[in-house]
K.L.:
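Dumping the structure here so I can ask a few things about it.
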Amino acid sequence: MKGLTFDIAHLLAGGLVLISFMMLYQDRLFALINVFALHALVLALSVGWQAYIQNAHHLYVTAAIALLFKAIVIPIGLHRIILRLGIHRDIETAVGIGPTMLAGIGLVTLSMVLMLRVTATADALAREDLAFALSIILLGLLVMVTRRNAVSQVVGFMSLENGLVLAATGAKGMPLVVEISVAFSILIAFIVVGVFLFRIRERFDSVDVRALDDHRGERR
Amino acid sequence: MIPGVEALLWGVAALMITAVLAVTLSRRSTATGLIYLITLAVCGFLLGIALWCLVLRPTDVTSTTLPVGLPWIGAHFRLDALSAFFLVVVNLGGALSSLYGLGYGRHESAPHRVLPFFPAFLAGMNLVVMADDAFTFLLSWEFMSLASWALVIAHHREPANTRAGYIYLVMASFGTLALLLAFGLLAGPAGNYTFEVMRASSPPAPLIATIVLILMLLGAGSKAGLVPLHVWLPLAHPAAPSHVSALMSGVMTKVAVYGFIRVLFDLLGPPTWWSSVVVLVLGSATAVLGILYALMESDLKRLLAYSTIENIGIIFVSLGLALAFQANGMGWPAALALTAALFHALNHSFFKSLLFFGAGAVLSATGERNMEKLGGLIHRMPVTSFVFLVGCVAISALPPFNGFASEWLIFQAILLSPDLPQWGLKVLVPAAGGMLALSAALVAACFVKAFGITFLGRPRSEAVDRAHEVDRYSLTAMAALAALCLLAGILPGFVIDGLSPVTQALIGGRMPTQISQPWLSIVPIAESRSSYNGLLVFVFITISASIAVYVIHRFASHELRRGPAWGCGFPDMPPDAQYTATSFAQPIRRVFGTFAFRAKETVKMTPPGDISPARLDVETHDVIWEALYDPITGWLEYATLKLNRLQFLTIRRYLTLVFGSLVTLLLVVALWL
């Protein structure tokens, strides 16, 4: 049983990394949000599995929050925002897909090398989990860096938060308070960013963050 | 209860409360008198305790921990003989400055800029001397620096003062950074920052010890004014009100010396012989350059500030000698050199405070700091000029005053250098002695100039002509310091014996007991080698001068005769035709100026037929500023211009920067482990 539980946890965490990679090459906003919903779904599964194998019932709550908000409410909300802004046809990548994927591979390698070496004494499951979580965090940052559009930067940020939740649930005995606060921080970030998007839109007629830079009177 | 560190901390707390009180009261007219009266009382209290501890219970060490500062660590304070001695220096200077401030402070145009910071500054200096862990030390050090900075820019409307304040702030931050790194190295990987643990731990590796020495020279040296880190000192010390200048020059530089002694002699473990070489070379260069700068100066307060640099050089030479002797296990020569250094520090605090008080008196009476506009004040301010003369004689190291006693001790230590085993030191120490002798001669010339141009001759401006003697508080403070200069000069044995517990605790040796010597002589080594009796010299000078006066007045006329001065044949001599400070310094500028200041004199003769006067232009350069500080500021300006672009990046680039630095740090961790 030990082997199987480990393998499933491993599979789900690895799946999250894979979906993070999928986010890297989505150049349509709808596709990106769909992939993010998938990301959140797999996260919910992973957290649920952790709850099952650690016999920690409070983690089911976390899984439910992830499923409800991140996989359903936020993607639907973002869909609506994009439709209202009328930017669903925009294509945006700041860096080419090839270099981005290569950079992603480098980041995953880095986090594996680092985490496996740092946590040499830790429990095997936690080690793998932490390595994957760090990969997801770095890939989320990479998404934020390679995009120009504010919506996709928000998505990158939220996938980064997913990595944090994965790390938090992988470690045994993390109290629920932390996860709820993480979930709420995302919700608040979502609301704030939503408001922020409309404010930019009102003022500059675009959600391209370049508009903000132009407003500051700068050239690139 | 045995008064110790707790009582002292109560005094410091009283000073802090006074600072707060000053903030609330400072706009009222009675505030000046009240605040200085309180600081006088508190400093007197602290001085009493420190003297009591130093003289009566020299071997007692009291310490305490206050639950402030870093959590779970607290602030450690400790009182031993070295702290007690420097507390005496700090609080004696503080008390007399407060007394002087009672009178001088009334002329202050903006008392609310001075009164709150004055007690805070005193409190900071007291805390530095008592601190017993690195955190408390650095915090107090920075507090002291900032309080004195606020006093430097008290008159911030003068552009020169804001520049002085800026340079002071930069140099003080740099110095604190160096100290921070030094304490970090001393604490080692275990990271225990109490001095007690540093003292008990095994001596650090030679490389670490060298770096700590260099960092201490940078940190304490920049505060004390070691060349080439002295640049802020002649700008900042004169910018403050005069009683604060006296504190900064006379006392704060000593606090820096305290920091150096505490680390080098107490915390770092046994020194190596070549560490003394660095200190000796820097000290002698500081001594000579400081006084050369002072000679070129015609601003009275800046002259005094440069002379402070020279005296710090003397103290550091003496400390270097102590290091050299200690490295070779020569206990009592090291004790002699350290005693000489501490004695000179004490003496310098006396006569430099006195001279700054005198300069302040001249400033408040005439509104003038430039010596080229002073002159003839001896008739208008007779008491001030007398005590100023005492200060000049003392700082010029003429017997029977205190400057001679301490410098004589330093030379006694230098004369022991042939006993040192290293040839490098055998050659270097006499050379440093030669530099000291040179600087001593230049000091005499410098203070002949300072006194002669300021107080003798005829007034060079109208304001000076109308000058009057200053108030009684100022005169009392100056007279007290003059009396101390004389007392320490004619009874040096008591001071030397008072310092013996300090050397005993730091280097395990002491000088022979002096007060048991017949006729109160001081005999540092042995009767057969050398001895000095200040009292006898004083008695001899007094008697011979009295006899001479008696004989002259007995056999010559009592009448005071005034006759016309010979004016090279000119009928009507304006005061401008008098000898000036610049012309007094000209021969010395010709001798040393070409290499020390790249001085250049150009004579511009008018063509035939032109009736305008010929001109002599003198151009001098501050070589250290141009060679060291100008390039640094240039690079900094270049770098900041280049880095300024970072202020105007796009949001995505900022994110990229954060991302890049995160990945770089992770890479470092990955490669390191």
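Chain identifiers are assigned alphabetically (A, B, ...) following the order of the sequence lines, protein sequences preceding nucleic acid strands; residue numbering begins at 1 within each chain.
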K.L.:
Should we count CD of Glu196(B) as having more than 12 external heavy atoms under 6.0 Å?
P.N.:
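Atom CD in Glu196(B) is not crowded, with 12 or fewer foreign heavy atoms closer than 6.0 Å.
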K.L.:
Do you know which two heavy atoms are closest between Leu655(B) and Gln153(A), and how far apart they sit?
P.N.:
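For Leu655(B) and Gln153(A), the tightest heavy-atom pair comes out as CD1-NE2, 4.0 Å.
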K.L.:
Does any heavy atom of chain B fall under 4.5 Å from the side chain of Leu142(A), the backbone, both, or neither of them?
P.N.:
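Contact with chain B is through both the backbone and side chain of Leu142(A).
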K.L.:
Kindly give the heavy-atom pair with the smallest separation between Leu110(A) and Ala670(B), and that separation in Å.
P.N.:
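Minimum heavy-atom contact is CD1-CB, 4.0 Å.
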K.L.:
Which bit of Leu138(A) comes within less than 4.5 Å of chain B, counting heavy atoms only: side chain, backbone, both or neither?
P.N.:
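Both backbone and side chain.
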K.L.:
Inspect the surroundings of CZ in Phe659(B) and state if more than 12 heavy atoms from other residues, nucleotides or ligands are less than 6.0 Å away.
P.N.:
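Atom CZ in Phe659(B) is crowded, with more than 12 foreign heavy atoms closer than 6.0 Å.
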K.L.:
Taking atom CZ of Arg199(B) as the centre, does the number of heavy atoms from other residues, nucleotides or ligands within less than 6.0 Å exceed 12?
P.N.:
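Yes - once you tally the heavy atoms of other residues, nucleotides and ligands closer than 6.0 Å, there are more than 12.
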K.L.:
Side chain, backbone, both or neither: which part of Leu662(B) has a heavy atom under 4.5 Å from chain A?
P.N.:
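Side chain only.
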K.L.:
Under a 4.5 Å cutoff for heavy-atom pairs, which residue among Leu134(A), Leu107(A), Val113(A) has the most contacts with chain B?
P.N.:
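Top option by heavy-atom pairs under 4.5 Å: Leu107(A).
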